[in-house]
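I have placed the structure first, in the form of C-alpha cells, so that the comments after it can refer back to it.
Residue numbers start from 1 in every chain, and the chains themselves are labelled A, B, ... in the order their sequence lines are given, proteins ahead of strands.
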There are 2 protein chains.
Amino acid sequence: MPAADTLDRIDLQLLAELQRQGRLSNAELAERVHLSPSACLRRVQRLERGGVIAGYRAEVDPERIGLGLTAFVRIRLNHHDAAAVADFAGSVNDWDEVVACHALTGDMDYLLQVVAADLEHFSSFLLDRVLARPGVGDVNSSFVLRTVKAMRGLPLPAG
Amino acid sequence: MPAADTLDRIDLQLLAELQRQGRLSNAELAERVHLSPSACLRRVQRLERGGVIAGYRAEVDPERIGLGLTAFVRIRLNHHDAAAVADFAGSVNDWDEVVACHALTGDMDYLLQVVAADLEHFSSFLLDRVLARPGVGDVNSSFVLRTVKAMRGLPLPAG
DNA sequence: ATTGAAATGTTTTTAAA
DNA sequence: TTTAAAAACATTTCAAT
C-alpha cells in the first residue's frame, strides 16, 4: 500500500472526525478540514482503499437491545498444538456471545469479551458451551460493574 | 424512551446492517430490508433518537497508524473511597493510550485496554504515568499476541 | 501528485396526496 | 405509506498549480 503509508496532518484530521462521527457527509467533512469536497473525497477513499479505515459501523447500545451483562473471561487451554488452537478459535468465532477475543501473553492464554442478557444467560453460555469444550482448562470470569471509559476510537497524533 | 423499546424484526435487521456497514445509504438500506426509503429513514432516525444507535464511527486499523501494540492492564487500587475512585477515573479518561476501561468484579478492580506504538512507548506509559499515580496498587499487563475475534458489533436476535 | 471548480447523476428530505 | 418535487450531496471530469 503505497499512498496510505504517508498520513499527513489532514489525513489525521479526517480520521479523527470520522472516528467520532462516521456518517459525516463528505461536504461537511471537507468544510471541517478546509478542503474542497472533491479533494476530501479522494483522501477518504484513499484511506479506505489503503485499509487505514477498515470500515464503518453503527454503535448499538447493548442495554437497549437487552444485553445487560458484559463479562471478561480468561481462558487457558490444556493443549497448545495447532489443531487445538485452531479448534478453539473456530468455536470462539461461532459463539455469538463473544464479541471480541484475543490471545494474550501471561498466565491466561485468551481473553474473551462476552455479552449476555443476564447472569442466567451467561451461566448457560459458560457451562454448556465453553466448559463443554474439550481442551478448555482454567476459566476465570469477571463482570463489568461500570464502564469507566468507553471505546471511542484510537488516539491520533495531533488532530 | 417509548418507541425505542419495541424493536421488531425489521429494526433488528436495520441494526444488523448498520453494525456491519455504518455508511450504507438510506436507499440501499431500504432495499435490503424491503422497505420504502422514507419508511426506512424514519425507523433509523427513531433508533438514533431513542439511543439504540449510539453513534457511528469509522474503524481505524491501529497498525496502519503506528499503534503496533495492544495490551490489557489489570489494576487494583489501594484505596476505594469515592474520591480515589473518581480521581482514577479522571486519569484514565485523560490518558490517550487507554482506549477502554471497565470496573470489574473479581480480584482486580479495573481492566484497561491500552494501545501504544511499541514496547518502549507502553513501558513509559505504565511507569511514568500509571505507576506514578498514588493509589495504584497491583498492576498486571498482558500483551495481545493475536486477535482471534475482532469486535464486529453486538449479537442481535434474528437478523 | 494534489488541488479546486464545474458538470452530472444520485440520494436525502420535505411536503403533499 | 407512497409519490413527487426540491434541496443537498456524491462523484467524475478537467484544467491548473
Exercise: do A:Tyr56 and A:Glu48 side chains pair donor with acceptor under 3.5 Å: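 Result is yes, a qualifying pair exists.
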No-hydrogen, no-angle side-chain donor-acceptor test under 3.5 Å, B:Glu97 and B:His121: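 B:His121 and B:Glu97 do have a side-chain donor-acceptor pair below 3.5 Å.
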Helical stems, DNA chain C - three or more consecutive Watson-Crick or G-U wobble pairs below 3.5 Å: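 Counting only runs of 3 or more consecutive pairs, the stems involving DNA chain C are C:1-11 with D:7-17, C:13-17 with D:1-5.
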Residue pair B:Thr105 / A:Leu145: nearest heavy atoms and the distance that separates them: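 Heavy atoms of B:Thr105 and A:Leu145 come nearest at CG2-CD2, 3.3 Å.
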Least distance between heavy atoms, B:Arg133 atom then B:Phe88 atom: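 Closest heavy-atom pair between B:Arg133 and B:Phe88: NH2-N, 3.8 Å.
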d(CZ, A:Arg9; P, C:dT2) in whole Å: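 Distance check: A:Arg9 CZ to C:dT2 P gives 18 Å.
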Euclidean distance, atom CZ of residue A:Arg43 to atom C1' of D:dA10 [Å, nearest integer]: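 Rounded to whole Å, this separation is 18 Å.
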Are [X] and [Y] in one and the same hydrophobic cluster, where Ile, Leu, Val, Met, Phe, Trp and Tyr link if side-chain heavy atoms are under 4.5 Å apart?
X	Y	result
B:Val44	B:Leu24	yes
A:Val33	B:Ile65	yes
B:Ile10	B:Val52	yes

Side-chain touch A:Tyr110/A:Arg74, heavy atoms, less than 4.5 angstrom: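 Side-chain contact under 4.5 Å: no.
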Sugar-phosphate or base contact per nucleotide [nucleotides 4-17 of chain C; S, B, -; heavy atom under 4.0 Å]: BB-----SSS----
